[in-house]
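Below: one structure, written as structure tokens.
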Amino acid sequence: MARSLDERAGGKDEVLPPGVLPPGARQCFACGDDNPIGMHLEGIRREGDEVRATLRPRPEYQSYPGMLHGGLAATALDEVMGYAAILLAGIWSATATMELRFRAPVPYDAALELVAGIAGTRSRRVRAWARLHLPDGSVGAESTGLLVPLPPETAARARQLYGPLA
């Protein structure tokens, strides 16, 4: 039986609880606190029908002088879409397709807010969207994607490590 939205995890620390998981379970490049070279997205949480997070880029994320590398912007957007599938739809998933649009140069020397949501679900496939907001609130990059359920053996391992989502 699927859990209601109110019964689902409200944020990353409920999905990946610190100090509880076995070694290696918090190594995700985008959100893993135990990954020494990772992005360490902060404050991943559900707020109503959206997922929010903060990216604090480091100088090594640079592309052109002063600008965040587009591949890392895409990684952050992909991650929050994945958390939208987890926290809003209750589905462990992987991105099958992703469309990305860069709207403005993204600086690497300021906190950047990420927002994601679900456009729809069908047969446990999730259509998600995400936006990366610049410090002034405008959109620097945005994405849409199709996320599909993890293969059964990968989903079973995720449930074993992290517990059921729905």
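Start at 1 with the first residue, then count along the sequence.
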Closest heavy-atom contact between [X] and [Y]?
{"X": "Pro105", "Y": "Leu134", "value": "O-CD2, 3.8 Å"}
{"X": "Pro107", "Y": "Pro57", "value": "O-CG, 4.3 Å"}
{"X": "Ser143", "Y": "Met98", "value": "CB-CE, 3.8 Å"}
{"X": "Ala85", "Y": "Ile118", "value": "N-CD1, 4.0 Å"}
{"X": "Ser63", "Y": "His69", "value": "CB-CA, 3.5 Å"}
{"X": "Met39", "Y": "Ala76", "value": "CE-CB, 4.0 Å"}

I need the [X] [atom1] to [Y] [atom2] distance, nearest 0.5 Å.
{"X": "Arg103", "Y": "Ser138", "atom1": "CZ", "atom2": "OG", "result": "11.0 Å"}
{"X": "Leu88", "Y": "Tyr83", "atom1": "CG", "atom2": "OH", "result": "12.5 Å"}
{"X": "Cys28", "Y": "Asp33", "atom1": "SG", "atom2": "CG", "result": "10.0 Å"}
{"X": "Cys31", "Y": "Ile44", "atom1": "SG", "atom2": "CD1", "result": "5.0 Å"}

Any side-chain heavy-atom pair of [X] and [Y] under 4.5 Å:
{"X": "Leu132", "Y": "Glu142", "result": "no"}
{"X": "Pro59", "Y": "Tyr108", "result": "yes"}
{"X": "Leu41", "Y": "Leu114", "result": "yes"}
{"X": "Gln62", "Y": "Met67", "result": "no"}
{"X": "Leu147", "Y": "Ile91", "result": "no"}
{"X": "Arg125", "Y": "Leu146", "result": "yes"}
{"X": "Arg101", "Y": "Arg131", "result": "no"}
{"X": "Arg127", "Y": "Thr121", "result": "no"}

Original post:
Cluster question for you: counting only ILVMFWY and a side-chain heavy-atom cut-off of under 4.5 Å, with indirect links fine, are Leu150 and Leu87 together?
Top reply: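 Shared cluster, yes.
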Original post:
Is Met81 reachable from Leu100 through a run of hydrophobic residues whose side-chain heavy atoms are each under 4.5 Å from the next?
Top reply: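 Yes, one cluster joins them.
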Original post:
Would Arg56 and Arg58 count as a side-chain contact (heavy atoms from CB on, under 4.5 Å) if you check the C-alpha gap in whole Å, the side-chain angles of each, and the deciding distance to 0.1 Å?
Top reply: CA-CA 7 Å; Arg56 295 185 193 283; Arg58 299 189 305 257; over 6 Å; no
Subject >> Any donor-acceptor N/O pair, His40 side chain to Asn35 backbone, under 3.5 Å >> reply: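 Confirmed, His40 side chain pairs with Asn35 backbone.
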Original post:
Any donor-acceptor pair under 3.5 Å linking the side chain of Thr75 with the backbone of Gly71?
Top reply: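 Judged by distance alone, yes, a pair lies under 3.5 Å.
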Original post:
Under the criterion side chain to side chain contact (heavy atoms under 4.5 Å, CB included), which of Leu112, Leu55, Leu72 is the partner of Val106?
Top reply: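 It is Leu112, the one option of Leu112, Leu55, Leu72 that forms the side chain to side chain contact (heavy atoms under 4.5 Å, CB included) with Val106.
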**OP:** Would you check if there is a donor-acceptor pair between the side chains of Thr54 and Glu113 at a distance under 3.5 Å?
**Re:**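 Yes, because at least one side-chain N or O of Glu113 sits under 3.5 Å from a partner of the opposite role on Thr54.
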**OP:** Decide yes or no on side-chain contact (heavy atoms from CB on, under 4.5 Å) for Trp129 and Val115, but give the supporting numbers first.
**Re:** CA-CA 8 Å; Trp129 57 268; Val115 181; 3.8 Å; yes
Original post:
Got more than 12 heavy atoms from elsewhere within 6.0 Å of CD, Glu99?
Top reply: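 Counting other residues, nucleotides and ligands, CD of Glu99 stays at 12 neighbours or fewer.
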